[in-house]
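Just below is one structure, and these are the notes that go with it.
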Protein chains: 2
Amino acid sequence: MSMESDQSPLQIRIHEPLCAVFRRRLKAEGQKYTPERAQILDAIIKLDDVFEAEQLQDELRRSGFRVSKATVYRTLKLLQDAGIIQQVLLDAEQARYQLIYGRTPRDLLIRVDTNEIVSIDAPELTELCERICREHGLALQGRRFQIYAAGD
Amino acid sequence: MSMESDQSPLQIRIHEPLCAVFRRRLKAEGQKYTPERAQILDAIIKLDDVFEAEQLQDELRRSGFRVSKATVYRTLKLLQDAGIIQQVLLDAEQARYQLIYGRTPRDLLIRVDTNEIVSIDAPELTELCERICREHGLALQGRRFQIYAAGD
DNA sequence: GTCGGTGCAAATGCTTTGCATTGAT
DNA sequence: ATCAATGCAAAGCATTTGCACCGAC
(Lines give C-alpha, C1' and ligand atoms only; values in the text may rest on other atoms or scores of the structure.)
Protein backbone atom coordinates (compact mmCIF):
# COMPACT_ATOMS: atom_id res chain seq x y z
CA MET A 1 0.00 0.00 0.00
CA SER A 2 2.85 2.38 0.77
CA MET A 3 4.36 2.18 -2.63
CA GLU A 4 5.66 5.68 -2.48
CA SER A 5 7.79 5.02 0.63
CA ASP A 6 11.57 4.89 0.47
CA GLN A 7 12.04 1.48 2.05
CA SER A 8 14.47 0.37 -0.62
CA PRO A 9 17.71 2.36 -0.56
CA LEU A 10 18.64 1.47 -4.08
CA GLN A 11 17.49 3.94 -6.66
CA ILE A 12 18.70 2.77 -10.00
CA ARG A 13 19.23 5.52 -12.49
CA ILE A 14 18.42 3.59 -15.61
CA HIS A 15 20.80 5.11 -18.11
CA GLU A 16 23.70 5.71 -15.78
CA PRO A 17 26.90 4.45 -17.37
CA LEU A 18 28.22 1.23 -15.90
CA CYS A 19 31.59 2.74 -15.19
CA ALA A 20 29.90 5.23 -12.86
CA VAL A 21 28.21 2.39 -11.03
CA PHE A 22 31.51 0.60 -10.67
CA ARG A 23 33.37 3.73 -9.63
CA ARG A 24 30.80 4.53 -6.98
CA ARG A 25 30.95 1.03 -5.62
CA LEU A 26 34.74 1.09 -5.46
CA LYS A 27 34.76 4.43 -3.69
CA ALA A 28 32.25 3.14 -1.15
CA GLU A 29 34.63 0.28 -0.37
CA GLY A 30 37.69 2.52 -0.16
CA GLN A 31 39.05 1.04 -3.38
CA LYS A 32 40.47 2.72 -6.43
CA TYR A 33 39.15 3.21 -9.92
CA THR A 34 42.26 2.40 -11.93
CA PRO A 35 42.78 2.50 -15.71
CA GLU A 36 43.03 -1.29 -15.71
CA ARG A 37 39.62 -1.63 -14.06
CA ALA A 38 38.06 0.92 -16.40
CA GLN A 39 39.48 -0.87 -19.44
CA ILE A 40 38.32 -4.24 -18.22
CA LEU A 41 34.77 -3.00 -17.79
CA ASP A 42 34.89 -1.38 -21.23
CA ALA A 43 36.07 -4.61 -22.78
CA ILE A 44 33.27 -6.53 -21.10
CA ILE A 45 30.73 -4.11 -22.52
CA LYS A 46 32.27 -4.52 -25.97
CA LEU A 47 32.13 -8.30 -25.72
CA ASP A 48 28.43 -8.06 -24.88
CA ASP A 49 28.13 -11.80 -24.44
CA VAL A 50 29.11 -14.74 -22.30
CA PHE A 51 32.90 -14.64 -22.11
CA GLU A 52 35.83 -16.31 -20.43
CA ALA A 53 38.81 -14.67 -18.74
CA GLU A 54 41.08 -15.39 -21.71
CA GLN A 55 38.69 -13.83 -24.23
CA LEU A 56 38.48 -10.76 -22.06
CA GLN A 57 42.25 -10.44 -22.02
CA ASP A 58 42.29 -10.84 -25.80
CA GLU A 59 39.71 -8.09 -26.20
CA LEU A 60 41.84 -5.85 -24.00
CA ARG A 61 44.92 -6.55 -26.09
CA ARG A 62 42.95 -5.85 -29.25
CA SER A 63 42.13 -2.44 -27.78
CA GLY A 64 45.81 -1.90 -27.13
CA PHE A 65 45.92 -2.67 -23.40
CA ARG A 66 48.04 -5.21 -21.62
CA VAL A 67 46.54 -6.30 -18.33
CA SER A 68 47.85 -9.27 -16.37
CA LYS A 69 45.74 -12.35 -15.76
CA ALA A 70 45.99 -11.67 -12.05
CA THR A 71 44.37 -8.28 -12.46
CA VAL A 72 41.75 -9.67 -14.81
CA TYR A 73 40.68 -12.25 -12.23
CA ARG A 74 40.83 -9.79 -9.36
CA THR A 75 38.67 -7.33 -11.26
CA LEU A 76 36.18 -9.99 -12.33
CA LYS A 77 35.68 -10.75 -8.66
CA LEU A 78 35.12 -7.08 -7.85
CA LEU A 79 32.60 -6.77 -10.67
CA GLN A 80 30.73 -9.78 -9.35
CA ASP A 81 30.64 -8.30 -5.86
CA ALA A 82 29.33 -5.09 -7.37
CA GLY A 83 26.53 -7.01 -9.06
CA ILE A 84 27.67 -5.92 -12.50
CA ILE A 85 28.60 -9.32 -13.86
CA GLN A 86 27.74 -12.88 -12.93
CA GLN A 87 29.38 -16.23 -13.37
CA VAL A 88 27.82 -18.51 -15.95
CA LEU A 89 28.55 -22.18 -15.43
CA LEU A 90 28.54 -24.04 -18.73
CA ASP A 91 30.93 -26.85 -17.90
CA ALA A 92 33.38 -27.79 -15.21
CA GLU A 93 36.43 -26.70 -17.20
CA GLN A 94 36.39 -23.01 -16.51
CA ALA A 95 34.18 -20.16 -15.43
CA ARG A 96 32.41 -17.85 -17.85
CA TYR A 97 30.97 -14.46 -17.07
CA GLN A 98 28.13 -12.30 -18.25
CA LEU A 99 27.04 -8.72 -17.82
CA ILE A 100 23.88 -8.61 -15.72
CA TYR A 101 23.59 -5.11 -14.30
CA GLY A 102 20.30 -3.58 -15.42
CA ARG A 103 19.36 -6.68 -17.36
CA THR A 104 16.64 -9.10 -16.38
CA PRO A 105 17.28 -12.40 -18.07
CA ARG A 106 20.26 -14.63 -18.09
CA ASP A 107 18.55 -17.75 -19.20
CA LEU A 108 20.47 -19.43 -21.95
CA LEU A 109 19.87 -21.71 -24.88
CA ILE A 110 23.04 -23.63 -25.63
CA ARG A 111 23.48 -25.38 -28.96
CA VAL A 112 25.46 -28.49 -28.20
CA ASP A 113 26.37 -28.94 -31.86
CA THR A 114 27.72 -25.48 -32.56
CA ASN A 115 28.46 -24.23 -29.02
CA GLU A 116 26.42 -21.18 -29.87
CA ILE A 117 24.82 -19.49 -26.88
CA VAL A 118 21.59 -17.52 -27.15
CA SER A 119 19.75 -15.65 -24.44
CA ILE A 120 16.14 -16.68 -24.06
CA ASP A 121 13.26 -14.74 -22.72
CA ALA A 122 10.86 -16.67 -20.53
CA PRO A 123 8.84 -14.47 -18.19
CA GLU A 124 6.86 -17.43 -16.89
CA LEU A 125 10.07 -18.76 -15.41
CA THR A 126 10.13 -15.96 -12.91
CA GLU A 127 6.61 -16.80 -11.82
CA LEU A 128 7.54 -20.45 -11.56
CA CYS A 129 10.57 -19.65 -9.39
CA GLU A 130 8.50 -17.44 -7.13
CA ARG A 131 5.81 -20.06 -6.77
CA ILE A 132 8.30 -22.79 -5.88
CA CYS A 133 9.96 -20.58 -3.28
CA ARG A 134 6.60 -19.68 -1.81
CA GLU A 135 5.75 -23.36 -1.53
CA HIS A 136 8.97 -23.93 0.37
CA GLY A 137 8.55 -20.83 2.50
CA LEU A 138 11.78 -19.34 1.17
CA ALA A 139 12.82 -16.06 -0.38
CA LEU A 140 13.93 -16.17 -4.01
CA GLN A 141 17.51 -15.01 -4.50
CA GLY A 142 18.21 -15.93 -8.08
CA ARG A 143 18.14 -18.66 -10.68
CA ARG A 144 20.22 -20.40 -13.29
CA PHE A 145 18.44 -21.83 -16.30
CA GLN A 146 20.02 -23.39 -19.33
CA ILE A 147 18.52 -25.37 -22.15
CA TYR A 148 20.70 -27.66 -24.23
CA ALA A 149 19.56 -28.22 -27.78
CA ALA A 150 20.81 -29.34 -31.17
CA GLY A 151 19.94 -28.20 -34.66
CA ASP A 152 17.74 -29.99 -37.17
CA MET B 1 4.17 -44.71 -39.38
CA SER B 2 6.28 -47.77 -38.68
CA MET B 3 6.07 -47.49 -34.95
CA GLU B 4 6.40 -51.20 -34.47
CA SER B 5 9.77 -51.28 -36.18
CA ASP B 6 12.96 -51.74 -34.22
CA GLN B 7 14.58 -48.44 -35.13
CA SER B 8 15.47 -47.72 -31.52
CA PRO B 9 17.75 -50.37 -30.05
CA LEU B 10 17.24 -49.27 -26.47
CA GLN B 11 14.58 -51.08 -24.55
CA ILE B 12 14.68 -49.93 -20.98
CA ARG B 13 13.65 -52.54 -18.45
CA ILE B 14 12.33 -50.28 -15.74
CA HIS B 15 13.41 -52.12 -12.62
CA GLU B 16 16.66 -53.45 -13.93
CA PRO B 17 19.44 -52.85 -11.43
CA LEU B 18 21.79 -50.05 -12.33
CA CYS B 19 24.84 -52.29 -12.16
CA ALA B 20 23.34 -54.39 -14.94
CA VAL B 21 22.87 -51.29 -17.07
CA PHE B 22 26.46 -50.29 -16.45
CA ARG B 23 27.79 -53.77 -17.07
CA ARG B 24 25.93 -54.03 -20.37
CA ARG B 25 27.21 -50.67 -21.50
CA LEU B 26 30.78 -51.57 -20.63
CA LYS B 27 30.57 -54.86 -22.46
CA ALA B 28 29.18 -53.10 -25.52
CA GLU B 29 32.24 -50.86 -25.53
CA GLY B 30 34.67 -53.72 -24.99
CA GLN B 31 35.40 -52.52 -21.48
CA LYS B 32 35.53 -54.42 -18.22
CA TYR B 33 33.25 -54.51 -15.23
CA THR B 34 35.80 -54.36 -12.45
CA PRO B 35 35.23 -54.50 -8.66
CA GLU B 36 36.29 -50.87 -8.44
CA ARG B 37 33.63 -49.83 -10.92
CA ALA B 38 30.98 -51.91 -9.20
CA GLN B 39 31.87 -50.43 -5.82
CA ILE B 40 31.84 -46.89 -7.16
CA LEU B 41 28.36 -47.33 -8.59
CA ASP B 42 27.18 -48.86 -5.30
CA ALA B 43 28.58 -45.93 -3.35
CA ILE B 44 26.83 -43.48 -5.66
CA ILE B 45 23.53 -45.25 -5.07
CA LYS B 46 24.12 -45.13 -1.32
CA LEU B 47 24.88 -41.42 -1.44
CA ASP B 48 21.61 -40.83 -3.27
CA ASP B 49 22.25 -37.14 -3.63
CA VAL B 50 24.38 -34.53 -5.29
CA PHE B 51 27.96 -35.46 -4.46
CA GLU B 52 31.54 -34.52 -5.23
CA ALA B 53 34.42 -36.81 -6.11
CA GLU B 54 35.91 -36.53 -2.63
CA GLN B 55 32.65 -37.48 -0.91
CA LEU B 56 32.37 -40.48 -3.18
CA GLN B 57 35.84 -41.61 -2.21
CA ASP B 58 34.93 -41.15 1.46
CA GLU B 59 31.82 -43.27 1.06
CA LEU B 60 33.92 -45.97 -0.58
CA ARG B 61 36.40 -45.90 2.28
CA ARG B 62 33.55 -46.09 4.77
CA SER B 63 32.43 -49.27 3.01
CA GLY B 64 35.94 -50.62 3.32
CA PHE B 65 37.22 -49.97 -0.18
CA ARG B 66 40.23 -47.99 -1.26
CA VAL B 67 39.95 -46.68 -4.77
CA SER B 68 42.35 -44.13 -6.20
CA LYS B 69 41.22 -40.67 -7.23
CA ALA B 70 42.31 -41.46 -10.77
CA THR B 71 39.95 -44.42 -10.94
CA VAL B 72 37.17 -42.43 -9.32
CA TYR B 73 37.42 -39.73 -11.98
CA ARG B 74 37.80 -42.24 -14.80
CA THR B 75 34.73 -44.11 -13.64
CA LEU B 76 32.70 -40.95 -13.17
CA LYS B 77 33.37 -40.18 -16.81
CA LEU B 78 32.27 -43.65 -17.88
CA LEU B 79 29.08 -43.32 -15.86
CA GLN B 80 28.35 -40.01 -17.52
CA ASP B 81 28.87 -41.50 -20.96
CA ALA B 82 26.54 -44.31 -19.97
CA GLY B 83 23.86 -41.78 -19.03
CA ILE B 84 23.77 -43.03 -15.45
CA ILE B 85 25.03 -39.89 -13.76
CA GLN B 86 25.25 -36.24 -14.76
CA GLN B 87 27.40 -33.33 -13.75
CA VAL B 88 25.76 -30.70 -11.60
CA LEU B 89 27.41 -27.31 -11.73
CA LEU B 90 26.90 -25.40 -8.52
CA ASP B 91 29.99 -23.22 -8.55
CA ALA B 92 33.22 -22.90 -10.47
CA GLU B 93 35.30 -24.59 -7.78
CA GLN B 94 34.60 -28.19 -8.58
CA ALA B 95 32.16 -30.50 -10.32
CA ARG B 96 29.36 -32.33 -8.55
CA TYR B 97 27.51 -35.33 -9.85
CA GLN B 98 24.05 -36.78 -9.57
CA LEU B 99 22.36 -40.05 -10.41
CA ILE B 100 19.94 -39.51 -13.29
CA TYR B 101 19.29 -42.89 -14.86
CA GLY B 102 15.58 -43.66 -14.71
CA ARG B 103 14.86 -40.39 -12.96
CA THR B 104 13.10 -37.47 -14.56
CA PRO B 105 14.00 -34.35 -12.65
CA ARG B 106 17.29 -32.87 -11.78
CA ASP B 107 16.06 -29.42 -11.05
CA LEU B 108 17.44 -28.08 -7.81
CA LEU B 109 16.52 -25.63 -5.10
CA ILE B 110 19.67 -24.40 -3.40
CA ARG B 111 19.47 -22.68 -0.04
CA VAL B 112 22.21 -20.09 -0.09
CA ASP B 113 22.10 -19.72 3.70
CA THR B 114 22.44 -23.39 4.62
CA ASN B 115 23.89 -24.85 1.41
CA GLU B 116 21.11 -27.39 1.53
CA ILE B 117 20.11 -28.79 -1.84
CA VAL B 118 16.59 -30.01 -2.56
CA SER B 119 15.25 -31.54 -5.75
CA ILE B 120 12.21 -29.78 -7.11
CA ASP B 121 9.48 -31.13 -9.26
CA ALA B 122 8.25 -28.82 -12.00
CA PRO B 123 6.61 -30.64 -14.90
CA GLU B 124 5.72 -27.37 -16.62
CA LEU B 125 9.44 -26.77 -17.07
CA THR B 126 9.64 -29.61 -19.53
CA GLU B 127 6.84 -28.08 -21.56
CA LEU B 128 8.53 -24.72 -21.42
CA CYS B 129 11.82 -26.20 -22.65
CA GLU B 130 10.08 -27.99 -25.48
CA ARG B 131 8.21 -24.89 -26.52
CA ILE B 132 11.36 -22.77 -26.58
CA CYS B 133 13.20 -25.36 -28.64
CA ARG B 134 10.30 -25.59 -31.04
CA GLU B 135 10.34 -21.82 -31.47
CA HIS B 136 14.02 -22.00 -32.33
CA GLY B 137 13.59 -25.02 -34.57
CA LEU B 138 15.93 -27.09 -32.44
CA ALA B 139 15.77 -30.47 -30.74
CA LEU B 140 15.79 -30.46 -26.94
CA GLN B 141 18.75 -32.31 -25.49
CA GLY B 142 18.56 -31.45 -21.82
CA ARG B 143 18.33 -28.68 -19.28
CA ARG B 144 19.88 -27.33 -16.15
CA PHE B 145 17.65 -25.47 -13.73
CA GLN B 146 18.59 -24.19 -10.31
CA ILE B 147 16.80 -21.85 -7.98
CA TYR B 148 18.72 -20.01 -5.30
CA ALA B 149 16.75 -19.12 -2.20
CA ALA B 150 17.19 -18.17 1.44
CA GLY B 151 15.14 -19.04 4.50
CA ASP B 152 12.71 -16.76 6.29
C1' DG C 1 47.42 -65.03 -22.28
C1' DT C 2 45.50 -60.40 -23.72
C1' DC C 3 44.17 -56.11 -23.29
C1' DG C 4 42.10 -53.10 -20.60
C1' DG C 5 42.26 -51.29 -15.61
C1' DT C 6 44.52 -49.68 -11.50
C1' DG C 7 47.52 -46.92 -8.50
C1' DC C 8 50.93 -43.81 -8.16
C1' DA C 9 53.12 -39.68 -9.05
C1' DA C 10 53.81 -36.23 -12.25
C1' DA C 11 51.56 -33.09 -15.34
C1' DT C 12 47.89 -29.87 -16.62
C1' DG C 13 45.16 -25.82 -16.72
C1' DC C 14 42.38 -22.46 -14.48
C1' DT C 15 42.61 -19.47 -10.72
C1' DT C 16 44.78 -17.39 -6.59
C1' DT C 17 48.46 -15.39 -3.89
C1' DG C 18 53.02 -13.32 -2.03
C1' DC C 19 55.86 -9.77 -2.80
C1' DA C 20 58.35 -5.83 -4.58
C1' DT C 21 57.10 -1.92 -7.33
C1' DT C 22 53.88 1.52 -9.14
C1' DG C 23 50.35 4.86 -8.98
C1' DA C 24 45.55 6.93 -7.68
C1' DT C 25 43.85 9.85 -4.26
C1' DA D 1 52.86 10.64 1.12
C1' DT D 2 49.88 6.84 1.75
C1' DC D 3 47.71 2.78 1.00
C1' DA D 4 45.76 0.07 -2.47
C1' DA D 5 46.67 -2.00 -7.18
C1' DT D 6 49.66 -4.08 -10.51
C1' DG D 7 52.70 -7.66 -12.66
C1' DC D 8 55.25 -11.49 -12.18
C1' DA D 9 56.20 -15.89 -10.81
C1' DA D 10 55.11 -19.27 -7.64
C1' DA D 11 51.50 -21.72 -5.32
C1' DG D 12 46.91 -24.09 -5.13
C1' DC D 13 43.50 -27.28 -6.38
C1' DA D 14 40.53 -30.21 -8.99
C1' DT D 15 41.20 -33.13 -12.66
C1' DT D 16 43.97 -35.78 -16.15
C1' DT D 17 47.67 -38.60 -17.83
C1' DG D 18 51.98 -41.71 -18.44
C1' DC D 19 53.60 -45.80 -17.04
C1' DA D 20 54.60 -50.18 -14.74
C1' DC D 21 52.07 -53.72 -12.73
C1' DC D 22 47.73 -56.36 -12.15
C1' DG D 23 43.60 -58.85 -13.16
C1' DA D 24 38.92 -59.64 -15.80
C1' DC D 25 37.72 -61.89 -19.83
Side-chain angles (χ1 to χ4, degrees), chain A residues 19-20 22-44 50-58 60-61 63-82 85-98, chain B residues 19-20 22-44 50-58 60-61 63-82 85-98:
Chain A
C19 57
F22 192 28
R23 174 174 238 153
R24 176 151 31 88
R25 163 74 180 214
L26 288 170
K27 182 165 285 182
E29 305 276 333
Q31 296 169 315
K32 291 168 186 171
Y33 186 69
T34 65
E36 286 84 357
R37 292 176 181 177
Q39 291 303 334
I40 287 172
L41 182 49
D42 270 13
I44 289 173
V50 175
F51 63 91
E52 26 195 277
E54 182 94 30
Q55 295 176 335
L56 178 54
Q57 210 180 16
D58 289 348
L60 285 161
R61 251 191 286 271
S63 306
F65 296 96
R66 234 210 59 80
V67 182
S68 71
K69 268 269 162 61
T71 296
V72 167
Y73 280 113
R74 285 189 275 236
T75 305
L76 285 173
K77 193 157 289 176
L78 289 173
L79 288 165
Q80 283 183 80
D81 294 343
I85 65 171
Q86 189 193 44
Q87 277 196 344
V88 181
L89 304 175
L90 299 184
D91 57 50
E93 314 311 315
Q94 75 191 288
R96 271 91 172 182
Y97 304 85
Q98 187 180 31
Chain B
C19 55
F22 193 26
R23 174 174 240 152
R24 176 151 32 87
R25 165 74 181 213
L26 288 171
K27 181 165 286 181
E29 304 277 332
Q31 297 171 314
K32 291 168 187 170
Y33 185 69
T34 65
E36 286 84 357
R37 292 177 180 176
Q39 291 303 333
I40 287 172
L41 182 50
D42 269 14
I44 289 173
V50 175
F51 63 90
E52 27 195 278
E54 182 94 29
Q55 296 175 335
L56 178 54
Q57 210 180 14
D58 290 348
L60 285 161
R61 251 191 285 271
S63 305
F65 296 96
R66 237 211 58 80
V67 181
S68 72
K69 267 271 161 61
T71 296
V72 167
Y73 280 114
R74 284 189 275 235
T75 306
L76 284 172
K77 194 156 290 175
L78 288 173
L79 288 165
Q80 284 182 79
D81 294 343
I85 65 171
Q86 189 193 45
Q87 278 198 342
V88 181
L89 304 175
L90 300 183
D91 58 49
E93 315 310 316
Q94 75 191 287
R96 271 91 172 181
Y97 304 86
Q98 189 180 30

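Proteins get letters first, then strands, A, B, ... in listed order; numbering begins at 1 in each.
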Under-3.5 Å N/O pairs linking protein and nucleotides 11-15 of chain C:
from: C:dT15; atom 1: OP1; to: A:A95; atom 2: N; distance (Å): 2.8
from: C:dT15; atom 1: OP2; to: A:Y73; atom 2: OH; distance (Å): 2.2
from: C:dT15; atom 1: O5'; to: A:Y73; atom 2: OH; distance (Å): 3.3

> At their closest point, which heavy atom of A:A43 faces which heavy atom of A:L60, and how far apart are they?
Replying inline: CB-CD2, 3.8 Å
> B:R66 has an atom CZ; how far is it from atom P of C:dT6, in whole Å?
Replying inline: 13 Å
>> Among residues at least two apart in sequence or on other chains, which ones pass side-chain contact (heavy atoms from CB on, under 4.5 Å) with A:R96?
In response: A:V50, A:E52, A:V88, A:L90, A:D91, A:Q94
>> List the residues meeting salt bridge (Lys or Arg N to Asp or Glu O under 4.0 Å) with A:R61, not counting sequence neighbours, and say none if there are none.
In response: A:D58
>> So, using salt bridge (Lys or Arg N to Asp or Glu O under 4.0 Å) as the criterion, who are the partners of A:E93 when residues are at least two apart?
In response: none
> Taking 5' to 3' order, which nucleotide of DNA chain D is first and which is last to have an atom within less than 4.0 Å of a heavy atom in chain A?
Replying inline: D:dC3 to D:dC8
> Do A:T71 and A:R74 come close enough that some side-chain heavy atom pair is under 4.5 Å?
Replying inline: yes
>> At 10 degrees resolution, what angle do the end axes of the helix from C:dG1-D:dC25 to C:dT25-D:dA1 form when each is taken over five base pairs?
In response: 40°
> Looking only at heavy atoms, which two atoms of B:A95 and B:Q87 are closest? And how far apart?
Replying inline: CB-NE2, 3.7 Å
> For every nucleotide of nucleotides 18-25 of chain C, 5' to 3': is a protein heavy atom under 4.0 Å from its base (B), only from its sugar-phosphate (S), or from neither (-)?
Replying inline: B----BBS
> Do you know which two heavy atoms are closest between A:Q98 and A:F51, and how far apart they sit?
Replying inline: N-CE2, 4.2 Å
>> Run the side-chain hydrogen bond (donor to acceptor under 3.5 Å, both in side chains) test against A:T75 and tell me which residues pass, sequence neighbours left out.
In response: none
> Which heavy atom of A:A53 sits nearest a heavy atom of A:L76, and at what distance?
Replying inline: CB-CD1, 4.3 Å
>> According to salt bridge (Lys or Arg N to Asp or Glu O under 4.0 Å), who are the partners of A:K69, at least two apart in sequence or on a separate chain?
In response: A:E54
Let me have the donor-acceptor pairs involving side chains of residues 32-42 of chain A, under 3.5 Å, with sequence neighbours excluded, atom names and distances please.
from: A:T34; atom 1: OG1; to: A:R37; atom 2: N; distance (Å): 3.3
from: A:R37; atom 1: NH1; to: A:K32; atom 2: O; distance (Å): 2.8

>> Would the distance check show the side chain of A:R25 and the main-chain N or O of A:L78 forming a donor-acceptor pair, the cut-off being under 3.5 Å?
In response: no
> Can you check the B:Q57 CD to C:dC8 C1' distance for me, whole Å?
Replying inline: 13 Å
>> Checking B:L56 against B:V67 for the side-chain contact (heavy atoms from CB on, under 4.5 Å) test, could you report, in this order, the C-alpha distance in whole Å, the side-chain angles of both residues, the deciding distance, and whether it holds?
In response: CA-CA 10 Å; B:L56 178 54; B:V67 181; over 6 Å; no
